[in-house]
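Because only heavy atoms are used, hydrogens play no part in the values below, and waters and symmetry mates are left out as well, while side chains stay in. When a residue number appears, it is its place in the shown sequence, counting from 1. For ligands, and for the atoms within them, numbers begin at 1 and follow the listed sequence. Because the structure is predicted, anything quoted here is derived from the model rather than measured.
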Amino acid sequence: MSYYEHLIKNTPAGLLKILEIPEVGPKTVKLLYEKLKIDSIPKLKKAIKDKKIRVLPGMGEKTEENIKKGIEFLSALAGTGSRSKRMLLGAAYPLAMAIIDALKKLPDIERISQAGSLRRMKETIGDIDILVTSTSPKKVMKAFTSLPMVTKINNFGETKSSVIMEGKLQVDLRVVEPDSFGAALQYFTGSKEHNIKLREMASEKGYKINEYGLFRLKDNKKVAGKEEKEIYNTLGLDYMPPELREARGEIEASLNKKLPHLLEQKDIKGDLHMHSDWSDGHDSIEEMARAAMALGYEYIGITDHSRSLKVANGLSISEVKKQLEEIKVLNRRLKGFRILAGCEADILGNGKIDYPDEVLRLYDFVIASIHTGFKQEKEKLTKRIVTAMRNPYVNIIAHPTGRLLAKREPYALDFEAVFKEAMAIPTPEGVARPKGMASPTGTYLELNAFPDRLDLSDIYLRRLKELGLKVTLGTDAHNTIHLKMMLYGVATARRGWLEKKDVLNTLGVEELIKVWGCSSTGERCVRNA
Ligand code: DGT
Ligand code: CA
Ligand code: CA
Ligand code: ZN
């Protein structure tokens, strides 16, 4: 786009570097540039040293300190290479699917699959690994290395080629023998830790395992290799989905026939977190609803931002009432589909919600989340979240750790305390506490499927499940296309060993309403139908 090129040419490159610092947004960059001519990180560092930032309008000592920490965070990331080298799943996955689709069209390809961390659906991807079987490997490699996305060829070989796509991401393609496809897929899917455990187990049972197959030690006879499943089964294990292969107990579970029956995309009946053009979304409520219907959902929850989030065009109280009216009208029009009226309200510094109860009670459900004051101390932040959970109108805490992958660390939160609190709050008299509910006032923790967040992460999800708590899944879509990102949420849930029963929005809308009707407000969800 020539306009883009023009802007890039006329913007000092250092400004974009400064923008990468967590804590520094475009407004601050502008301020620094205009007031102090700061156009590079070294200049910014010097200004911090000379205490020049704190005196700028709207800044202060604390902001200065936070920017300093941000620079340190950024350089620490650069040191490990994680910022420059690892890519978000949400960026790598579509690219890999495009490559696979393109290669599948070749007549010379027999079988093809992604492997590595991408097949395990890890939240960030180091490089993309793809395996194929083919009768003419050379042709396949030619086609692969001349794909339009390829910007550099690192290596061209008949069994392995390696390229850089779109200037940043490495993609490795391996051609393997049909008789070894399963073994290679198992080996290159990893994780390395999973493979090490599997190899140990194989050797205890008198086998050797490598990328060519599973071999009996006593006579070196190949006993499996064509299919992954054969390899696991021969070792006395059930097949295990790639998302589980992280050496977190999956081999033991498989041995004891205790593998979870993992959540699937089709189990999700509705998406509970999205924005429309009433706040900072791009599309209308109706467009969001129709897109969700096309995806096979029964319902959605519209959760636009609340009034204090000015940057996201949060709704004033009078706008809330108009929006609820629009949802009512749409619900009458859309047959066999339900729009739940919700909001994503801000948790203020003291744990209070930024709409009064009279407004909150108008909604079918309320998501509460933290968008400011990330720097509070652990104790204060924990109390803030717990206070919000105890609000009888709050049903969901969105993106509970607040992390932005490769950009912002999770805020300091005592998660065990939040979980324990969620379980320990005594049930108010007369209110039945549904099994697995996070609190008697109906508060669940969210798994936000937006690829920059994937929050809660797999480890926390696993802990939640262990405690018998359920989560809700939402994409945080800001347009209709974003709704498809549910796939990353489902994958993360699977990495956290979650099953259908562990996710609230696998329920149909009537059952869901029943659960939420149990909250102390009783009458919700009927009003906006
Ligand atoms: P990444 O690319 O950093 O996101 O992570 P992976 O898991 O895709 O790792 P990668 O691309 O280095 O290698 C792909 C798979 O190949 C890995 O998951 C397991 C297997 N693998 C690679 N190196 C070794 C190794 O030294 N030992 C074993 N057992 N397996 C390995
Ligand atoms: Ca990889
Ligand atoms: Ca690789
Ligand atoms: Zn949101």
For ligand 1, which atoms, with element, lie under 4.0 Å from some heavy atom of [X]?
X: Asp129; value: 8 (O), 11 (O), 14 (C)
X: Asn195; value: 19 (C), 29 (N), 30 (N)
X: Gly126; value: 1 (P), 2 (O), 3 (O), 4 (O)
X: Gly116; value: 8 (O)

Derivation of the side-chain hydrogen bond (donor to acceptor under 3.5 Å, both in side chains) call for Thr475 and Asp271: CA-CA 7 Å; Thr475 53; Asp271 187 333; 2.7 Å; yes
side-chain hydrogen bond (donor to acceptor under 3.5 Å, both in side chains), paired with Glu123, selected from Arg453, Arg403, Arg495: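 Option passing the side-chain hydrogen bond (donor to acceptor under 3.5 Å, both in side chains) with Glu123: Arg403.
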Donor + acceptor pair across side chains of Gln186, Asn195 (<3.5 Å):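 On atom types as modelled, these side chains qualify, holding a pair under 3.5 Å.
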Flag for Asp172-Ser162: side-chain donor and acceptor within less than 3.5 Å: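 Checked: Ser162/Asp172 side chains pair up, N/O donor to acceptor below 3.5 Å.
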Full working for salt bridge (charged side-chain N to carboxylate O under 4.0 Å, His left out) between Glu252 and Lys197: CA-CA 10 Å; Glu252 295 79 354; Lys197 285 214 156 174; 3.6 Å; yes
When you compare ligand 1 with [X], is there at least one nitrogen or oxygen pair between them that comes in under 3.5 angstrom?
X: Arg86; value: yes
X: Ile125; value: no
X: Arg199; value: yes

Salt bridge (charged side-chain N to carboxylate O under 4.0 Å, His left out) between Asp458 and Arg248, worked out: CA-CA 11 Å; Asp458 49 9; Arg248 294 178 186 157; 3.4 Å; yes
For ligand 1, the portion of Asp127 having any non-hydrogen atom under 4.0 Å away: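 For Asp127, backbone and side-chain atoms both sit under 4.0 Å from ligand 1.
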Ring geometry between Tyr411 and Phe374 (parallel below 30°, tilted from 30 to 60°, perpendicular above 60°):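 Judged by the thresholds at 30° and 60°, the geometry between Phe374 and Tyr411 is parallel.
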Plane angle bin for Phe450 and His478 - parallel if under 30°, tilted between 30 and 60°, otherwise perpendicular: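 Perpendicular, since the angle between the ring planes exceeds 60°.
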Closer than 4.0 angstrom: is that true for some heavy atom of [X] and an atom of ligand 1?
X: Arg120; result: yes
X: Thr189; result: yes
X: Ile196; result: no
X: Lys122; result: no

Whether over 12 other heavy atoms sit under 6.0 Å from Leu404 CG: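 Result for CG/Leu404: enclosed.
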Sole candidate of Ile327, Ile300, Asp364 that passes side chain to side chain contact (heavy atoms under 4.5 Å, CB included) when paired with Arg338: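 The option that passes is Asp364.
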Side chain to side chain contact (heavy atoms under 4.5 Å, CB included), paired with Ile100, selected from Ile109, Leu95, Ile130: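 Testing Ile100 for a side chain to side chain contact (heavy atoms under 4.5 Å, CB included) against Ile109, Leu95, Ile130 leaves exactly one candidate, Ile130.
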Contact flag Asp172/the Ca ion (ligand 2), N/O/S atoms, threshold under 3.0 Å: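 For Asp172, the answer is no, given that no N, O or S atom comes within less than 3.0 Å of the Ca ion (ligand 2).
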The one among Ser191, Ser117, Pro242, Ala115 that brings a heavy atom closest to atom 1 (P) of ligand 1: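 Residue with the shortest heavy-atom distance to the ligand atom: Ser117.
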Pairs flagged by ring pair (Phe, Tyr, Trp, His ring centres under 6.0 Å) wherever residues 158-193 is involved - sequence neighbours left out: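 The answer is none; no pair qualifies.
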The Ca ion (ligand 2) - closest N/O/S atom in Asp129: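 Looking at Asp129, the N, O or S atom with the least distance to the Ca ion (ligand 2) is OD2.
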If only protein N, O or S atoms under 2.8 Å count, total around the Zn ion (ligand 4):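 For the Zn ion (ligand 4), the figure is 4.
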Qualifying residue for salt bridge (charged side-chain N to carboxylate O under 4.0 Å, His left out) with Arg120, from Glu246, Glu243, Glu193: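 Passing option: Glu246.
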